[in-house]
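Structure record follows, encoded as structure tokens.
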Amino acid sequence: MFRKTFLPPVANLLAFEAVARRNSVSRAADELHLTQSAVSRQIHQLETQLGVTMFHRVRQRVVLSDAGRAYASEVRILLHQLSEATRRTMACTRRDQLNLAVLPTLGTRWLIPRLGDFMARKPEVTINFTSRTLPFEFSQEPFDAAIHFGAPYWAGAVCEYLMHEEVIAVCSPRYQRLHGIRQIADLADIVLLHQTSRPAQWASWFDQHGASAARAMQGPQFEQASMLAQAAASSLGAALLPRFLVERELDSGELIQLFPQALSSADAYYFVYPHTQAESPLVREFGAWILEQCRASP
């Protein structure tokens with residue numbers, strides 16, 4: 001529970017933040033469309049309430065005090081959070097808007113190229129995308145649904161199965177020729193590229209195919225699958241990637257599949273939404289559409 005005694009008027013905080021950022025009362029006044037005297041009065045009110053001097057007056061300039069500098073950094077964050085919370089609240093009142101949390105590479109390489117089909121069916125709908133790589137609490141985030149990779153569990157939410165993935169070993173044709181990669185044993189002498197969120201994937205791949213995994217944990221790491229794909233296409237090493245995420249590179253010849261063996265996993269992709277959205281027509285329609293796209297994918 002907050003205490004109202006410690007809550008200055010927002011107008012005073014806006015004036016303080018503007019003066020702190022611009023080091024000038026006059027420039028802050030111009031930005032806020034106020035008179036200089038009004039801004040000065042708001043700063044004085046804030047200093048009086050806090051009992052702390054926020055600025056030192058040096059000739060024609062104002063300079064933040066140590067206390068003012070520390071306070072300004074926190075006020076700026078809080079004003080931004082308040083602005084974002086207000087924007088999200090205004091946006092969520094629209095019934096024709098879907099806020100979706102999506103895995104970044106899946107969104108960029110697979111979902112967005114197919115989205116035109118959904119927009120043609122529902123031209124009145126606006127879909128907002130935000131990248132998320134880990135589960136979160138829907139009650140504390142502005143999302144209606146998410147796409148999740150892993151086990152079919154998400155606290156307080158429904159997980160609807162979409163598809164599994166076929167993970168294959170790839171590299172550039174140049175890298176394959178340069179290192180003479182012909183069989184799995186040849187991987188012992190090359191650079192293995194890793195995705196940060198799946199550090200043991202090469203070890204699992206070697207284990208499934210009965211090969212030595214002595215160096216399976218060694219090699220550069222990349223946060224996103226798109227980075228990993230680009231690193232492999234740039235001849236930095238070999239990578240394990242879902243086939244459907246590198247279809248473009250395989251078709252163009254930037255990447256080649258080294259071996260027919262793929263990595264099987266119990267993890268899969270799921271369309272996830274909180275129980276509170278279970279009866280939302282838009283969530284249900286989008287979930288049905290994305291499942292349709294998954295079934296149509298090779």
Side-chain angles (χ1 to χ4, degrees), residues 77 80-81 84-85 87-89 91-94 97-115 118 125-167 193-205 217 221-229 239-246 263-295 297:
I77 293 171
H80 175 74
Q81 290 175 338
E84 283 299 293
R87 179 191 62 78
R88 290 195 299 266
T89 300
C92 74
T93 59
R94 294 182 54 184
Q97 183 165 274
L98 181 70
N99 295 308
L100 184 67
V102 64
L103 299 165
T105 306
L106 176 78
T108 302
R109 293 184 167 228
W110 185 85
L111 181 55
I112 292 176
R114 291 167 168 78
L115 196 61
F118 184 80
V125 171
T126 298
I127 302 179
N128 301 316
F129 289 85
T130 303
S131 64
R132 286 288 190 277
T133 56
L134 296 173
F136 51 83
E137 290 189 33
F138 277 101
S139 61
Q140 298 181 11
E141 296 278 2
F143 299 117
D144 303 306
I147 297 177
H148 163 61
F149 178 78
Y153 174 77
W154 190 307
V158 178
C159 295
E160 294 186 351
Y161 171 78
L162 294 176
M163 61 182 173
H164 276 77
E165 62 180 13
E166 181 189 21
V167 177
L193 308 175
H194 301 264
Q195 187 171 348
T196 305
S197 60
R198 304 183 186 188
Q201 195 166 52
W202 271 112
S204 298
W205 192 84
M217 303 300 290
Q221 295 191 6
F222 299 84
E223 183 178 6
Q224 297 181 5
S226 58
M227 298 178 181
L228 190 62
L240 286 173
L241 284 160
R243 177 188 291 277
F244 76 95
L245 292 183
V246 289
L263 176 66
S264 58
S265 170
D267 291 334
Y269 291 91
Y270 296 89
F271 182 63
V272 184
Y273 52 88
H275 293 295
T276 55
Q277 292 286 353
E279 300 303 320
S280 166
L282 182 53
V283 169
R284 293 170 69 89
E285 288 172 5
F286 188 80
W289 173 82
I290 196 171
L291 179 59
E292 176 186 316
Q293 298 302 307
C294 291
R295 289 174 175 170
S297 294

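For reference, positions follow the sequence shown, starting with 1.
- The closest side-chain heavy-atom distance from Leu263 to Ser204 is below 4.5 Å.
- Residues Thr133 and Glu223 are not in side-chain contact: their nearest non-hydrogen atoms beyond the backbone lie 4.5 Å or more apart.
- Val272 has its side chain out of reach of Val158: every pair of non-hydrogen atoms, C-beta onward, lies at least 4.5 Å apart.
- Here the side chains of Trp205 and Gln201 are not in contact, with every heavy-atom distance at 4.5 Å or above.
- Summarising the geometry of Asn99 relative to Pro142, their closest heavy-atom pair is CB-O, 3.3 Å, with the distance given to 0.1 Å.
- Side-chain contact check for Pro104 versus Gln224: some heavy-atom pair is nearer than 4.5 Å.
- To the nearest 0.5 Å, the span separating CE on Met163 from CD1 on Ile290 amounts to 7.5 Å.
- The aromatic rings of Phe244 and Trp110 lie perpendicular to each other, with more than 60° between the two planes, well past the 30° mark.
- When all heavy atoms of Leu100 and Phe271 are compared, the closest pair comes out as CD1-CE1, 4.2 Å.
- Taking the six-membered ring for Trp and thresholds of 30 and 60 degrees, Tyr161 and His164 have ring planes inclined between 30 and 60 degrees apart.
- Across all non-hydrogen atoms, the minimal contact from Thr108 to Pro113 is O-CD, 3.4 Å.
- In this structure, Tyr269 and Phe149 have tilted ring planes: the angle between them lies in the 30° to 60° band.
- The heavy-atom pair separating Pro135 from His148 by the smallest distance is CG-CE1, 4.1 Å.
- Taking each heavy atom of Ile147 and Leu103 in turn, the nearest pair found is O-CG, 3.7 Å.
- A 6.0 Å sphere centred on CD of Glu292 holds more than 12 heavy atoms belonging to other residues, nucleotides or ligands.
- The heavy-atom pair separating Thr105 from Ser226 by the smallest distance is OG1-N, 3.0 Å.
- Every pair tested for salt bridge (charged side-chain N to carboxylate O under 4.0 Å, His left out) that includes a residue from residues 148-158 fails, sequence neighbours excluded, so the list is empty.
- Annotation: the span from Ser197 atom OG to Gln221 atom CD amounts to 9.5 Å, rounded to 0.5 Å.
- The aromatic ring centroids of Trp154 and Tyr273 lie 6.0 Å or more from each other.
- Between Leu115 and Ile127, the closest side-chain pair of non-hydrogen atoms falls below 4.5 Å.
- The salt bridge (Lys or Arg N to Asp or Glu O under 4.0 Å) search around Glu137 returns none, not counting sequence neighbours.
- Atom CG of Leu98 is separated from atom CG of Asn128 by 8.0 Å, given to the nearest 0.5 angstrom.
- Residues Phe118 and Phe286 bring their aromatic ring centres within 6.0 Å.
- Within the 4.5 Å cutoff, the side chain of Arg114 has no heavy atoms near those of the Ile112 side chain.
- By the 6.0 Å contact criterion, CZ on Arg284 is open, its count of non-hydrogen atoms from other residues, nucleotides or ligands being 12 or less.
- No donor-acceptor pair under 3.5 Å is formed between the side chain of Ser131 and the backbone N or O of Val102.
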